[in-house]
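Here's the structure, in structure tokens; my notes come after.
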Amino acid sequence: MTRTRRLVVPAQNDQLAKLATFVASAAVDAGFNANTISRIELAVDEACSNIIDHAYAGAPGAIRCDVTTEPLQQLTIVLVDQGRPFNPDLVPEYEYCRSLNEAKIGGLGLHLMRQVMDDVCFEFSLPGVGNRLTMVKHYDRNSECP
Amino acid sequence: MLMEISVKPLKEVDIISVSGRIDSATAPEFDNALKGLLERGRRKLALDFSSLSYVSSAGLRAMLSALKTAKNSGGNVVLVAANERIRDTLTLVGFHTLFLQFDDAVDAVDSF
């Protein structure tokens, strides 16, 4: 049965652990295994850190997190903020590093989000909404079962 | 308790034990601890992650910065007892090839 749950928190780094726990709880209900749940938490942490650091950039604001679970099918996370639009295309693409000289620091967060989620969609300055980030993780029976 | 750090010198190596989670809230303290040691000339660091549950990109950036500084002065930064979750995150960004990893601190200290 499809279920949507919502958490609204101040856009502050000290809320990241709470957001991670909220999303992990939903991911458990959707049937994902521990490894996938950890990865989903990571994606949400990175996304919310970007909102706090780049969209609000120290200004007060809120993050709304809606998580929709369709057990053994998929989990959809929608993050909404009213900060400055943040264009991910301007972030240099992360280059998977093979040596210390090649290792770059920029773009790590976005890279992780795209690595662990199946769909990552940014929408900006939507009338009456704000900025909206939608991330989807599909349930893959082959990889979720031991 | 989101994160706690303690430092124990053993021979020429500093064992930095980190517990809790390293995310954007706690990474600045973690980064400062590493930078503080490196600025004092310590360059052989073993990060004991046996009580660390999680690290985000904010922590990875601090680790990479410390590794580059240490290597530039002939030292190194190695990892001890990182859990499966942290190892998975390291692999997702390719950092597993940059950091030597050990199961216990004694082996890590002996590696320098």
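Proteins come first, then strands; the chains are lettered A, B, ... in the order of their sequence lines, and each starts at number 1.
Heavy-atom pairs under 4.5 Å with chain B were tallied for Leu112(A), Leu100(A), Val116(A); the largest tally goes to Leu100(A). Looking only at heavy-atom pairs under 4.5 Å with chain B, the residue among Asp14(A), Leu42(A), Asn35(A) that has the most is Leu42(A). Between chain B and the options Gly109(A), Ala34(A), Ala17(A), the largest number of non-hydrogen pairs under 4.5 Å is found for Ala17(A).
Taking all atoms of both residues into account, the shortest heavy-atom contact from Asp45(A) to Arg21(B) is OD2-NH2, 3.0 Å. The two residues His111(A) and Leu92(B) have their closest heavy-atom pair at NE2-O, 2.9 Å.
From Glu46(A), atom CD reaches atom CG of Leu60(B) across 7.5 Å, with rounding to the nearest 0.5 Å. Distance check, rounded to the nearest 0.5 Å: OG of Ser57(B) to CG of Leu110(A) gives 9.0 Å. Between Glu41(A) atom CD and Arg85(B) atom CZ the span is 4.5 Å, to the nearest 0.5 Å. Put simply, OH on Tyr54(B) and CG on Leu16(A) are 8.0 Å apart, with the number rounded to the nearest 0.5 Å.
By the rule that hydrophobic residues join a cluster once side-chain heavy atoms approach within less than 4.5 Å of another member, Val91(A) and Val44(A) end up as members of one cluster. Criterion: ILVMFWY side-chain heavy atoms under 4.5 Å apart, direct or through other members. Under it, Val28(A) and Ile40(A) are part of a common hydrophobic cluster. In terms of hydrophobic clustering, with Ile, Leu, Val, Met, Phe, Trp and Tyr side chains grouped at heavy-atom distances under 4.5 Å, Val77(B) and Phe112(B) are assigned to different clusters. Note on Phe32(A): it does not cluster hydrophobically with Val78(A), by side-chain heavy-atom contacts below 4.5 Å among ILVMFWY residues. Under a hydrophobic-cluster definition in which Ile, Leu, Val, Met, Phe, Trp and Tyr are linked whenever side-chain heavy atoms come within less than 4.5 Å, directly or via other members, Leu64(B) and Leu47(B) are assigned to the same cluster.
Among pairs with a residue in residues 49-63 of chain A, none fulfils salt bridge (charged side-chain N to carboxylate O under 4.0 Å, His left out), at least two apart in sequence or across chains.
When the shell of 6.0 Å around CG of Asp29(A) is examined, it contains more than 12 heavy atoms from other residues, nucleotides or ligands. Atom CD of Glu93(A) is surrounded by 12 or fewer heavy atoms from other residues, nucleotides or ligands within 6.0 Å.
For Thr97(B), the part lying under 4.5 angstrom from a heavy atom of chain A is the side chain only. Residue Leu98(B) touches chain A through its side chain alone, counting heavy-atom pairs closer than 4.5 Å.
Residues of residues 23-30 of chain B that come within less than 4.5 angstrom of chain A, heavy atom to heavy atom, are Asp23(B), Ser24(B), Ala25(B) in numerical order.
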